[in-house]
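Below is one structure, written out as structure tokens; comments come after it.
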Amino acid sequence: MPLALLALAIGAFGIGTTEFVIMGLLPEVAADYGVTIPTAGFLVTGYALGVVLGAPLMTVLGTRVPRKRMLMLLMGLFIAGNVLSALAPAFGVMLAGRVVASLAHGAFFGIGSVVAAGLVAPEKKAGAIAMMFTGLTVANVVGVPLGTLVGQTAGWRLTFLVVAALGVLGLLGIAKLVPELPRPEGVRIRHELAAFRNVQVLLAMAMTVLGFGGVFAAITYITPMMTNVAGFADTSVTWLLVLFGLGMVAGNLIGGRFADRALMPMLYVSLGALAVVLAVFTLTAHTKAGAAVTVVLIGALGFATVPPLQKRVLDQAAGAPTLASAVNIGAFNLGNALAAWLGGLVIAAGFGWTAPNWVGAALAASALVLALVSGALERRTAGTHPAGVGGSDGSGGPAVAAPAAAAVPAHH
């Protein structure tokens, strides 16, 4: 794997840390600004919505900018947002800083996925995407616990300054290690938007929303579930989240490895197993050992879907993949927000702390159904257009040829 992937992974580590570390620092931030915890929660919601909106916006703005330069500009935006958050004199300014940082999130992973896939041989693309996303998963194992510890002992503002420093490191790494990549010629906004007419692209994005949403239906409410049902002490939740993060790292790498060999079967297995494990979590949540093992499995199976889903979008939007890739990152965050809302509804309705697990199982099962539909459509299309006799864009129409210069030169 090229060293350039390390620079992308460092950027992903910083982004993953800033996204999730706020959850452990909400009491400190709320106390500092004199607001309630639910009000401070807007720092989480605002970030997620910023990712959903920023992914297409920043990608469209960067259509005419070379990809390496755009990645550097996005890291600059990320650094500025975190510095603003760290120095914010009022809660509103802090919220603005979070939104500024979030605008870089979707486009960085979207463009980064295209760049990562272009740096390696075709049969290693999902593995390269997984390598970049390893930064995001490792952030949950190392960055978030350490950032929370720093924030609780030395002040939450220092945490965001450290995250900004990580952004500087990622920026320098991209400048030094990522090769100069020509701006794809002949690709305009209308080319990028054309990908959304492909039913396979839309199915992949819906799988992303539902499949990853299944994970966050359970994990959003992990603290009350583990303390009130499993009987863990409050201080143990951090270690449970580390276990979840370790599962994410393993699942991400396994998903990348097997997606390069058999992408759709990998999705069938991971989504099916995720639905089963989430349903079983309603039972295992009642014992400490069972809960700990299940949390690892949810992290592993949830993130095993990320490289294949991202590669699926890249493959199906091959002519102009950048916008579709970035929007799919927004779809992960949309799934997080949707699942957290649904999980909260069932708890508020009095179904108990483990009820979000049933919501998650239903979401993952729905994603599996869509994956089976997608696979069936693909097989039918392949039968309609045999190899060498025309092609298809996955929606039953003729394939749109990719502009010759749109591909990123491979470095083996």
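The structure presented is a predicted model; accordingly, all values stated were derived computationally and were not measured.
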Check whether more than 12 heavy atoms from other residues, nucleotides or ligands sit under 6.0 Å from atom CZ of Phe351, and answer yes or no.
no
Tell me if the CZ atom of Arg157 is crowded by more than 12 foreign heavy atoms within 6.0 Å.
yes
On a heavy-atom basis, which atom in [X] and which in [Y] lie closest, and how many Å separate them?
X	Y	result
Gly299	Phe244	CA-CE1, 3.4 Å
Leu119	Ala4	CD1-CB, 3.7 Å
Val120	Ala128	CG2-CB, 3.7 Å
Met72	Ala175	CE-CB, 3.7 Å
Ala139	Gly16	CB-C, 3.8 Å
Met225	Trp353	CE-O, 3.6 Å

From CA spacing to verdict: side chain to side chain contact (heavy atoms under 4.5 Å, CB included), Val163, Phe78:
CA-CA 9 Å; Val163 170; Phe78 171 78; 3.6 Å; yes
Using 0.5 Å steps for rounding, measure from the [atom1] atom of [X] to the [atom2] atom of [Y].
X	Y	atom1	atom2	answer
His105	Thr18	NE2	OG1	10.5 Å
Leu177	Lys68	CG	NZ	8.5 Å
Leu43	Met94	CG	CE	5.0 Å
Leu158	Thr153	CG	OG1	8.0 Å
Leu323	Met58	CG	CE	13.0 Å
Phe281	His286	CZ	NE2	10.0 Å

Between [Y] and [X], is there a side-chain heavy-atom distance shorter than 4.5 Å?
X	Y	result
Val306	Phe332	yes
Leu202	Arg197	no
Gln152	Thr148	yes
Leu203	Leu377	yes
Arg98	Phe160	yes
Gln316	Asn198	yes
Met226	Ser236	no
Leu372	Tyr268	yes

Residues at least two apart in sequence or cross-chain that pass salt bridge (charged side-chain N to carboxylate O under 4.0 Å, His left out) with Arg312, listed by chain then number, are Glu378
Using modelled atom types and a 3.5 Å cut-off, is there a donor and acceptor pairing between side-chain atoms of [X] and backbone atoms of [Y]?
X	Y	value
Thr159	Gly147	yes
Arg257	Ala126	no
Gln310	Ser325	yes
Tyr221	Pro356	no
Asn252	Met248	no
Thr282	Leu278	no
Ser102	Val99	yes

Parallel, tilted or perpendicular: which describes the rings of Phe212 and Phe216, with under 30° parallel and over 60° perpendicular?
tilted
Side chain to side chain contact (heavy atoms under 4.5 Å, CB included) for Val178 and Arg67? Distances and angles first, verdict last.
CA-CA 10 Å; Val178 174; Arg67 285 168 176 158; over 6 Å; no
Are side-chain N/O atoms of Ser270 and Thr305 paired as donor and acceptor at under 3.5 Å?
no
Indicate whether any N or O donor in one side chain lies under 3.5 Å from an N or O acceptor in the other, for Asn328 and Thr208.
yes
Sequence-distant partners of Val141, side chain to side chain contact (heavy atoms under 4.5 Å, CB included), two or more places apart:
Val242, Leu246, Val249
So Phe303 and Leu136, side chain to side chain contact (heavy atoms under 4.5 Å, CB included) or not? Walk me through it.
CA-CA 11 Å; Phe303 246 80; Leu136 180 64; 3.9 Å; yes
Val229/Thr354 under side chain to side chain contact (heavy atoms under 4.5 Å, CB included): CA gap, chis, key distance, verdict:
CA-CA 8 Å; Val229 179; Thr354 61; 4.1 Å; yes
Residue that, paired with Leu370, satisfies side chain to side chain contact (heavy atoms under 4.5 Å, CB included) out of Leu267, Leu210, Leu271:
Leu210
Test Phe108 against every option in Leu73, Thr59, Leu103, Ile174 by the side chain to side chain contact (heavy atoms under 4.5 Å, CB included) rule and name the one that passes.
Ile174
What residues, two or more places apart in sequence or in another chain, satisfy side chain to side chain donor-acceptor pair (under 3.5 Å) together with Asn336?
none
Taking the six-membered ring for Trp, are the ring centroids of Phe133 and Phe109 within less than 6.0 Å of each other?
yes
